[in-house]
Amino acid sequence: QVQLVESGGGLVQPGGSLTLSCVASGFTLDSYAIGWFRQAPGKEREGVSCISSSDGTTYYADSVQGRFTISKDNAKGTVYLRMNNLKPEDTAVYYCTTAKSFGCTAAMRAPAHWGQGTQVTVSS
């Protein structure tokens, strides 16, 4: 029974920082890669980041490259997304996902399991 639960969203000013958490259950993080997606009203769903379970490879969308950092604690079953220098266009509901695959290719291409999402709002 794969479950993903996001937390850590909130309201932050432009230029501020926020850390999201994704707690995984039903599997271990050294088995499956975890991806982060975001969805904002009127915008396409966007794959934001991913961390592989196989070799630690990470992926970042161009829109967040250099500002966001993904990491994980296998023992805690938790993946983190540190978001720095936030912009209003980062406002969205953020979801963590898994394709039950070791690598990020499947996690970003065909995510099969989703959390409930956590709202991030960047506004002055």
Side-chain angles (χ1 to χ4, degrees):
Q1 185 75 17
V2 173
Q3 292 188 352
L4 301 167
V5 179
E6 304 94 335
S7 63
L11 175 64
V12 64
Q13 294 184 350
S17 298
L18 205 60
T19 299
L20 306 182
S21 298
C22 171
V23 178
S25 60
F27 66 99
T28 57
L29 295 182
D30 62 356
S31 297
Y32 300 140
I34 296 292
W36 285 95
F37 284 75
R38 64 186 181 186
Q39 178 72 62
K43 298 181 180 179
E44 294 288 328
R45 185 183 66 192
E46 179 183 18
V48 175
S49 186
C50 180
I51 186 163
S52 173
S53 64
S54 57
D55 60 4
T57 300
T58 58
Y59 161 82
Y60 299 96
D62 289 344
S63 57
V64 307
Q65 181 72 49
R67 299 188 297 119
F68 290 12
T69 302
I70 191 169
S71 62
K72 64 176 180 175
D73 185 329
N74 287 352
K76 295 181 179 180
T78 304
V79 175
Y80 305 95
L81 185 67
R82 179 64 176 177
M83 306 182 294
N84 295 320
N85 191 25
L86 283 161
K87 305 174 180 180
E89 51 263 44
D90 294 318
T91 296
V93 178
Y94 284 71
Y95 301 89
C96 60
T97 68
T98 186
K100 298 173 67 175
S101 170
F102 284 94
C104 279
T105 299
M108 301 306 290
R109 183 187 70 249
H113 295 89
W114 298 71
Q116 84 289 346
T118 185
Q119 176 72 47
V120 173
T121 302
V122 184
S123 176
S124 59

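Residue indices begin at 1 and follow the sequence shown.
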> Does the side chain of Ser123 reach to within under 4.5 Å of the side chain of Leu11, using non-hydrogen atoms?
Replying inline: yes
> So, for Asn84 and Ser17, which heavy atoms are closest and what is the spacing to 0.1 Å?
Replying inline: OD1-OG, 2.8 Å
> Going through the checks in order, is the side chain to side chain contact (heavy atoms under 4.5 Å, CB included) test met by Val79 and Ile70?
Replying inline: CA-CA 7 Å; Val79 175; Ile70 191 169; 3.9 Å; yes
> What closest approach, in Å, do Gly9 and Val120 show between heavy atoms, and which atom pair accounts for it?
Replying inline: CA-CG2, 4.2 Å
> Going by heavy atoms in the side chains, are Arg38 and Val64 under 4.5 Å from each other?
Replying inline: yes
> Say you draw a straight line from OG1 of Thr98 to NE2 of His113; how long is it, rounded to the nearest 0.5 Å?
Replying inline: 8.0 Å
> Looking only at heavy atoms, what is the nearest atom pair of Pro111 and Ala99, with distance?
Replying inline: CA-CB, 4.3 Å
>> Please check: side-chain N/O of Ser52 versus main-chain N/O of Thr57, any donor-acceptor pairing under 3.5 Å?
In response: no
> How many angstroms lie between atom OH of Tyr94 and atom CG of Leu81, to the nearest 0.5 angstrom?
Replying inline: 7.5 Å
> Atom OG in Ser21, atom NZ in Lys76: separation rounded to 0.5 Å?
Replying inline: 9.5 Å
>> Please evaluate residues Glu89 and Lys43 with respect to the criterion side chain to side chain contact (heavy atoms under 4.5 Å, CB included), reporting the C-alpha separation (whole Å), side-chain torsions for both, the decisive distance (0.1 Å), and the verdict.
In response: CA-CA 10 Å; Glu89 51 263 44; Lys43 298 181 180 179; 4.0 Å; yes
> Are Val12 and Tyr80 grouped together when hydrophobic residues (ILVMFWY) are joined by side-chain heavy atoms under 4.5 angstrom apart?
Replying inline: no
>> Quick check against the 3.5 Å criterion: does Gln116 have a side-chain atom that pairs as donor or acceptor with the backbone of Glu6?
In response: yes
>> Which residues end up grouped with Val93 if you chain together Ile, Leu, Val, Met, Phe, Trp and Tyr wherever their side-chain heavy atoms are less than 4.5 Å apart?
In response: Phe37, Tyr59, Tyr95, Met108, Trp114
> To the nearest 0.5 Å, what is the distance between CG (Leu29) and CG (Asp73)?
Replying inline: 8.5 Å
> CZ/Phe27 to CG/Leu4 distance, rounded to the nearest 0.5 angstrom?
Replying inline: 5.0 Å
>> Does any part of the side chain of Asp90, heavy atoms only, come nearer than 4.5 Å to the side chain of Arg67, both counted from C-beta?
In response: yes
> If you measure from CD on Glu44 to CD on Gln39, what distance do you get to the nearest 0.5 Å?
Replying inline: 7.5 Å
> What pairs with Gln13 under side chain to side chain donor-acceptor pair (under 3.5 Å), at least two apart in sequence or on another chain?
Replying inline: none
> Does Val122 share a hydrophobic cluster with Trp36, counting links as ILVMFWY side-chain heavy atoms below 4.5 Å and allowing steps through other members?
Replying inline: yes
>> If I compare all heavy atoms of Ala33 with all of Cys104, which pair ends up nearest, and what's the gap?
In response: CB-N, 4.1 Å
> Is the backbone of Phe102 close enough, under 3.5 Å, to the side chain of Ser53 for a donor and an acceptor to pair up by distance?
Replying inline: yes
> Can you find a heavy atom in the side chain of Val2 that is under 4.5 Å from one in the side chain of Lys100?
Replying inline: yes
